[in-house]
Student: 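Attaching a single structure in structure tokens format; questions to follow.
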Amino acid sequence: MDYKIAVIPGDGIGPEIVREACKVLDRIGERFGHRFHYTEVLMGGVSIDKTGVPLTDEALAAAKASDSVLLGAVGGDVGKSNWYKLPPNLRPEAGLLAIRKGLELFCNLRPAVLFPQLKQACPLKDEIIGGGFDFVVVRELTGGVYFGERKTVTENGVRRAVDTMPYDENEIRRIAKWAFEVAMKRGKRVTSVDKANVLDTSRLWRQVVKETAEEYPEVELCDMLVDNCAMQMVRDPKQFDVVLTENMFGDILSDEASMVTGSIGMLASASLGATKLGLYEPSHGSAPDIAGQNKANPIATILSAAMMLRYSFDLTKEADCIEAAVNSVLDAGWRTVDIMSGGYSLIGTKEMGDRIAERI
Ligand code: IPM
Ligand code: MG
């Protein structure tokens, strides 16, 4: 089969890690008889430098015209880069929000997996880690406070800012369905996270999730307040299977989830909508401090490409093959600097990509 992939290298380490993911995809193509056609698309700081905006209409159209999108990372050093002197709607991150909204990618899947080979990188105690953990955060991605009305005004000489957090029941229902569908393919447990003791949006969230749960009698649903959830994630991460939550809570909890695995350089993510077109990107950022030094870990991007094969192209065998290759490289003791510890062999971005590709 032929597949059209819009590739967005973006900023910082983005270009280097995306290059390795494409290398691995090309090997998959050779081995399984597929052809991946890449179209490079500008987004983020690199787009600002070339076009003045973080995502042009043409770039969005090119992404829409593809079968799927592979993204490195966008953004720079907030303290140093001139991009952050621009108004907020012209900064690199605005491109990311615009593509999520423009492609209607309302469902963000962020797996948090403890790789047994990297157990020593996990900041939690052995008795908490036990046999390891593997859960996924299902984050609503196109609603809530990220996209609600906002303004900054000065009233009677006092500066005032307002952000609003709207949700309607349809937005809640469609993401809840995703969470239950994902749970059906995993451990059949959904923890729905909200702040229903304070927020109206959370009270509606809770009701609609409960209604949706009736369609999935096999799935066990429990509600959890977001502050408690933040605590439970470090107290006992094994209790989670699917964590369903709204946009901002999901932003915060997914960073926490990745940290408890100890290996943020390993975690993939997928942003999906009503069609097969998805956007796949590593959970980590653009790491401008190590950009261009062949130090970044490309595994999160490579595993994101595997998620693309699985969710957008239904190429399960091929996705399994990439995941097995990553595990085999870890078993063989190869490490990039972020996951390095004593007794293992340090390699760079390119060498990690080569070793994974040669195991396909
Ligand atoms: C993420 C990032 C983005 C978000 C930023 C860069 C706008 O933190 O993907 O988690 O908040 O969604
Ligand atoms: Mg975030």
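Worth knowing before you read on, the calculation uses all heavy atoms, side chains too, and leaves out hydrogens, waters and symmetry mates. Note that ligands are numbered from 1 as they come in the structure, with each ligand's atoms numbered from 1 the same way.
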Student: Classify the ring geometry between Tyr216 and Phe180 as parallel (under 30°), tilted (30 to 60°) or perpendicular (over 60°).
Tutor: parallel
Student: Purely on distance, is any nitrogen or oxygen of Arg139 under 3.5 Å from one on ligand 1?
Tutor: yes
Student: Using the test side chain to side chain contact (heavy atoms under 4.5 Å, CB included), find all partners of Asp57 that sit at least two apart in sequence or belong to another chain.
Tutor: none
Student: Confirm or rule out an N/O/S atom of Asp251, from backbone or side chain, lying less than 2.8 Å from the Mg ion (ligand 2).
Tutor: yes
Student: Looking only at protein heavy atoms, which one is nearest to atom 4 (C) of ligand 1, and what is the separation?
Tutor: Tyr146 OH, 3.4 Å
Student: Nearest non-hydrogen atom to atom 3 (C) of ligand 1 belongs to which of Arg100, Met248, Glu93?
Tutor: Arg100
Student: Can you tell me how the ring of His34 sits relative to the ring of Phe32, calling it parallel under 30°, perpendicular over 60° and tilted otherwise?
Tutor: parallel
Student: Which residue holds the protein heavy atom closest to atom 2 (C) of ligand 1, what is that atom called, and what is the gap in Å?
Tutor: Asp251 OD1, 4.0 Å
Student: Report the C-alpha distance between Phe135 and Val242 in whole Å, list the side-chain angles of each, state the deciding distance to 0.1 Å, and finish with yes or no for side chain to side chain contact (heavy atoms under 4.5 Å, CB included).
Tutor: CA-CA 6 Å; Phe135 63 93; Val242 174; over 6 Å; no
Student: Please determine if Glu20 and Arg355 form a salt bridge, counting it only when a charged side-chain N lies under 4.0 Å from a carboxylate O.
Tutor: no
Student: For ligand 1, is Arg91 a contact, meaning one of its heavy atoms is under 4.0 Å away?
Tutor: no
Student: Who else is in the cluster with Val41 when I, L, V, M, F, W and Y are joined by side-chain contacts under 4.5 Å?
Tutor: Ile8, Met43, Leu55, Leu60, Val69, Leu71, Val74, Leu96, Ile99, Leu103, Leu105, Leu277, Leu279
Student: So is His284 close enough to ligand 1, meaning a heavy atom under 4.0 angstrom away?
Tutor: no
Student: What is the closest protein heavy atom to atom 1 (C) of ligand 1, and at what distance does it sit?
Tutor: Arg110 NH2, 3.3 Å
